[in-house]
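Note sheet for the following structure.
Sequence lines set the chain letters: A, B, ... in the order given, protein chains first and strands last, and positions in each chain run from 1.
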Amino acid sequence: MRLSDYFLPTLKENPSEAQIVSHRLMLRAGMVRQSSAGIYSWLPMGLRVLRKVEGIVRDEMDAAGCQEILMPAIQPAELWQESGRYEDYGKEMLRITDRHERAMLFGPTHEEVVTDIFRSSVRSYRDLPKNLYQIQWKFRDEVRPRFGVMRGREFFMKDNYSFDLDYAGALRSYNRMFVAYLRTFARLGLTPIPMQADSGAIGGDLSHEFIVLAETGESAVYCDRAWLETDPLELEIDYDADLQPIVDRWTQLYAATDDKHDPATCKVAPDRLFEGRGIEVGHIFYFGTKYSASMGAVVRDENGKDTAVEMGSYGIGVSRLVGAIIEASHDDAGIVWPEAVAPFRVGMINLRSGDEACDRACEALYGALAQADVAVLYDDRDERAGVKFAEMDLIGLPWQIVVGPRGVKTGSVELKERGSGEREELSSEAVLARLT
RNA sequence: CGGAGUGUAGCUCAGCCUGGUAGAGCACCGUCUUCGGGAGGCGGGGGUCGGUGGUUCGAAUCCACUCACUCCGACCA
């Protein structure tokens, strides 16, 4: 992509409404624009990242045996009246009336809809287990949206729902999600820490929230240092096998947020205790028959008896993750994208657009990289070098290629790694070899 | 929902206290010089000062109401 063609409205200064670093950088790097409180438009650069995150989440869900569906954003109130949550959910639910004066709502979550789908379609225990997911926009009319996309009212979420015959089956589903979540966040370049959680309004008795470390995160985190030394990706996972030992290994390590942490009773030795900050990006719940019982989602078991299915629900804040990744990975100059989610892998700066030798070197390299399927953003604009450097650092692409008159004379270009800041003078061929 | 702020050019902000014909920097357009880390000169365009009402000869400025946004707290992916 040529930057001269790209819609990338960057800002030199911090917009006054943005207080936290990810919000500032997302606005400055031309990723999003606010529409109203907690509601954002995603511009090309932001959307590319959102899609990358979505893709990794989808990939891990599929690997864990879940099947993607897409439910309506607008739901009928009757379903929520059945489950009993229509009143309970309160003002956070955006309620809508259609032209026939029928009560509708913009879905804040989809337990009711998915349970309705399940009960109307599944009759036998032989059809279990099932685990259905969707990645879709949700709306929760938060009293106080803030922190940009980190706590918006409209947000992009992956939510899935497991259906099992009994508790043992539900636990297997829960464990699959537990492991899949750790893998997902690790693949996004984050350090996830699962914490035992209250199951809150969703109900049930088994729940973990997943917090990713970021110095600017809103919750304080206390955990065993062993968390930081464990890589969820190093294990080969067979989702059909018994995952309990893996989950046990993870859950026996101490981890707590500040409201649960008590220095007096904490058993971790002080030198093994990590104190940091983090952002909640996922939450998993087992809630048994809370919805299946109230909404009549039953299957015939092997004795010919109707039995309410055991359910769990699992959520990942996809749009929040974009902010969380920035919180976890940035410096004074701007964003530092992990390769897995970078909107483009490479940014190429032509320091002297219009100079024949520079243009020729850039075009050749640009063509070769495109040929090799490397996503490149080529800054071919007639701008000063300083502007190009500053903007390239701001948008945080993992690799920068700098082509200037000085190097072109000797047949070399500069390759800079955004994260470390390390630069090397190389030939175009060597750069190409390095990036492909 | 309780508390606290802020709304003036695309962005960051000054002017408001003490009423008297709307300002700066950046951005944008033209032009010249410059050209390896957000350049400089000259010229130019752009604002019903969030909205409504009031006080006044006169309101960005004072008063009332209202809307929007932000921050702190309780809640949440």
* **hbond_proxy A:Arg423 side chain to B:G37 base (donor-acceptor, 3.5 Å cutoff)** => yes

* Asked: Any side-chain N or O of A:Gln34 less than 4.0 Å from the OP1 or OP2 oxygen of B:U70?
  -> yes

* Phosphate contact (B:C13 OP1 or OP2) by A:Ser16 side-chain N/O below 4.0 Å -> yes

* Measure up the A:Tyr6 and A:Phe344 rings against each other and bin them: parallel (under 30°), tilted (30 to 60°), perpendicular (over 60°). => perpendicular

* Structure fact -> Rounded to whole Å, CD of A:Gln19 lies from C1' of B:U12 at a distance of 13 Å

* To do: When you get a sec, tell me which of B:U70, B:A77, B:C75 is the closest nucleotide to the side chain of A:Glu17?
  => B:U70

* Asked: Is any side-chain N or O of A:Arg144 under 3.5 Å from a base N or O of B:G73, one able to act as donor and the other as acceptor?
  -> yes

* Asked: Quick one: does A:Arg352 reach the base of B:C35 with a side-chain donor-acceptor pair under 3.5 Å?
  -> no

* Report yes or no: is there a donor-acceptor pair, N or O only, under 3.5 Å between the side chain of A:Glu414 and the base of B:G36? => yes

* Please give the nucleotide sitting opposite B:C42 as a Watson-Crick or G-U wobble pair, both distances under 3.5 Å, or none. => B:G30

* First encountered from the 5' end of RNA chain B, between A:Pro145 and A:Gly282 -> A:Pro145

* Structure fact -> When A:Lys416, A:Lys388, A:Arg28 are each screened for salt bridge (Lys or Arg N to Asp or Glu O under 4.0 Å) with A:Asp393, the one that passes is A:Lys416

* Asked: Quick one: which of B:C1, B:U12, B:C75 gets closest to the side chain of A:Glu13?
  -> B:U12

* Asked: Can you find a donor-acceptor pair, distance only, under 3.5 Å between A:Glu391 side chain and B:G37 base?
  -> no

* Asked: Can A:Phe389 be classed as stacking with the base of B:G38, given a centroid separation cut-off of 5.5 Å and a plane angle cut-off of 30°?
  -> no

* **A:Arg384 vs B:A39: side-chain N/O to OP1/OP2 distance below 4.0 Å** => yes

* Asked: For A:Asp331, what residues pass the salt bridge (Lys or Arg N to Asp or Glu O under 4.0 Å) criterion, not counting sequence neighbours?
  -> A:Arg418

* Structure fact -> Checking B:C69, B:C75, B:C72 against the side chain of A:Phe147 (C-beta onward), the nearest is B:C72

* Parallel, tilted or perpendicular: which describes the rings of A:Tyr378 and A:Tyr366, with under 30° parallel and over 60° perpendicular? -> tilted

* To do: Check the angle between the aromatic planes of A:Tyr314 and A:Tyr174 and answer parallel, tilted or perpendicular using the 30° and 60° thresholds.
  => tilted

* Short side-chain N/O contact to B:A77 OP1/OP2 from A:Lys158, under 4.0 Å -> no

* Nucleotide B:C75, atom C1' - distance to CZ of A:Arg153 in whole Å -> 15 Å

* Structure fact -> Whichever of A:Ser35 and A:Arg151 has the more 5' nearest nucleotide on RNA chain B, that residue is A:Ser35

